[in-house]
Amino acid sequence: MVAPISRREVAQRQDELFHTHSPKAAAMMIGWTLTCGGVGGRIVETEAYDPSDPASHSFPGPTARNAVMFGPPGVIYVYRSYGIHWCMNLVCGEHPGSAVLIRALEPTHGLDVMAERRGVADPRRLMNGPGNVCQALGVTVAQNGMRVDEAPFVLEPGPAGAIAVGPRIGITKAADVPWRFGEAGSRFLSKPFPKL
DNA sequence: ATGACGATGCACT
DNA sequence: GTGCATCGTCATG
């Protein structure tokens, strides 16, 4: 066991994260632990979005849906995907309209709860994709705009292995921008990273 | 009022 | 690998 990190240092690291340009923040977040209501795990896959990026929800400017992306950093932006799934981002960056999509977690907390919510038992399938992450954590639009550093959320730094980088998934615009990040070799990724 | 689209996941081949 | 469910959001009339 490692000595627990102080409350003050957590706040310091969070503040740094919240104010880092999203592609760098997305890489920094790998290995951090995210839970909601005591349920969650280690972040192993993220994607960065930025207002200058045609693939970003913030690209067209503020609307009712993306409003929280343009507010203060450190809050959760939740949107509905394909009419079915919820996906969550952490708003963070050097300027408004930047966020990091949480794509996959390695389950560490509340495995039983997640298995029931997801309807699957395999730990590798609990949070392997942004829609599944939200289903496992119980996150919906009801959490849109909530701070990630306050209940029911907990976000704490943690160690990570080598970081893999690649193109983002499921987008057609700016599909070549390498703003997908993950823990290399993790068994909990939504998809493997393309080899170099 | 209406239509096109999508930062997905799952069933199926 | 392909097909598709399903609906909020936004652009248009």
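A, B, ... follow the sequence lines: proteins, then strands. Residue 1 opens every chain. Atom set for the values below is all heavy atoms of this structure, side chains included, hydrogens, waters and symmetry mates excluded.
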Does anything in [range] come within less than 4.0 Å of DNA chain B? Heavy atoms only, and list the residues if so.
range                       : answer
residues 93-103 of chain A  : A/Leu101, A/Arg103
residues 104-122 of chain A : A/Arg118
residues 61-90 of chain A   : A/Met69, A/Tyr79, A/Ser81, A/Tyr82, A/Gly83, A/His85, A/Asn89
residues 166-193 of chain A : A/Ile169, A/Gly170, A/Ile171, A/Thr172

Ignoring hydrogens and geometry, is there a side-chain-to-backbone donor-acceptor pair from [X] to [Y] under 3.5 Å?
X        : Y        : value
A/Asp53  : A/Ala55  : yes
A/Asp50  : A/Ser56  : no
A/Thr35  : A/Gly40  : no
A/Ser58  : A/Gly97  : yes
A/Glu116 : A/Val113 : no
A/Asn66  : A/Thr63  : yes

Over all atoms of both residues, closest heavy-atom pair of [X] and [Y]:
X        : Y        : result
A/Leu137 : A/Val39  : CG-O, 3.7 Å
A/Val68  : A/Gly145 : CG1-CA, 4.0 Å
A/Gly41  : A/Met127 : N-CE, 4.2 Å
A/Ala174 : A/Arg168 : O-NH2, 3.5 Å
A/Ala104 : A/Leu189 : CB-CA, 4.3 Å

Got a sec, which pairs hit salt bridge (Lys or Arg N to Asp or Glu O under 4.0 Å) with one end in [range], sequence neighbours left out?
range                       : value
residues 119-128 of chain A : none
residues 96-108 of chain A  : A/Arg42-A/Glu106, A/Glu45-A/Arg103, A/Glu47-A/Arg103
residues 130-139 of chain A : none

Side-chain donor-acceptor contact under 3.5 Å, A/Gln135 with A/Arg117: no
Would the A/His57 and A/Tyr49 ring centres measure less than 6.0 Å apart? no
Could you summarise the pairing of DNA chain C as dot-bracket text, marking Watson-Crick and G-U pairs under 3.5 Å with ( ) or [ ] inside the strand and | across strands? |||||.||||||.
Taking any atom closer than 4.0 angstrom to a non-hydrogen atom of chain A, what span of DNA chain C does the protein reach, first nucleotide to last? C/dA5 to C/dC10
Positional range of nucleotides in DNA chain B within the contact set of chain A, heavy-atom, under 4.0 Å: B/dG6 to B/dC10
Out of curiosity, does A/Val78 fall in the hydrophobic cluster containing A/Leu105 (side-chain heavy atoms, cut-off under 4.5 Å, transitive links)? yes
Out of curiosity, A/Ile102 CD1 to A/Asn89 CG, how far, rounded to the nearest 0.5 Å? 7.5 Å
Sequence neighbours excluded, every pair satisfying ring-ring contact (aromatic ring centres under 6.0 Å, His included) that has a member inside residues 151-190 of chain A: none
How would you list all residue pairs meeting ring-ring contact (aromatic ring centres under 6.0 Å, His included) that involve residues 7-38 of chain A, not counting sequence neighbours? A/His21-A/His95
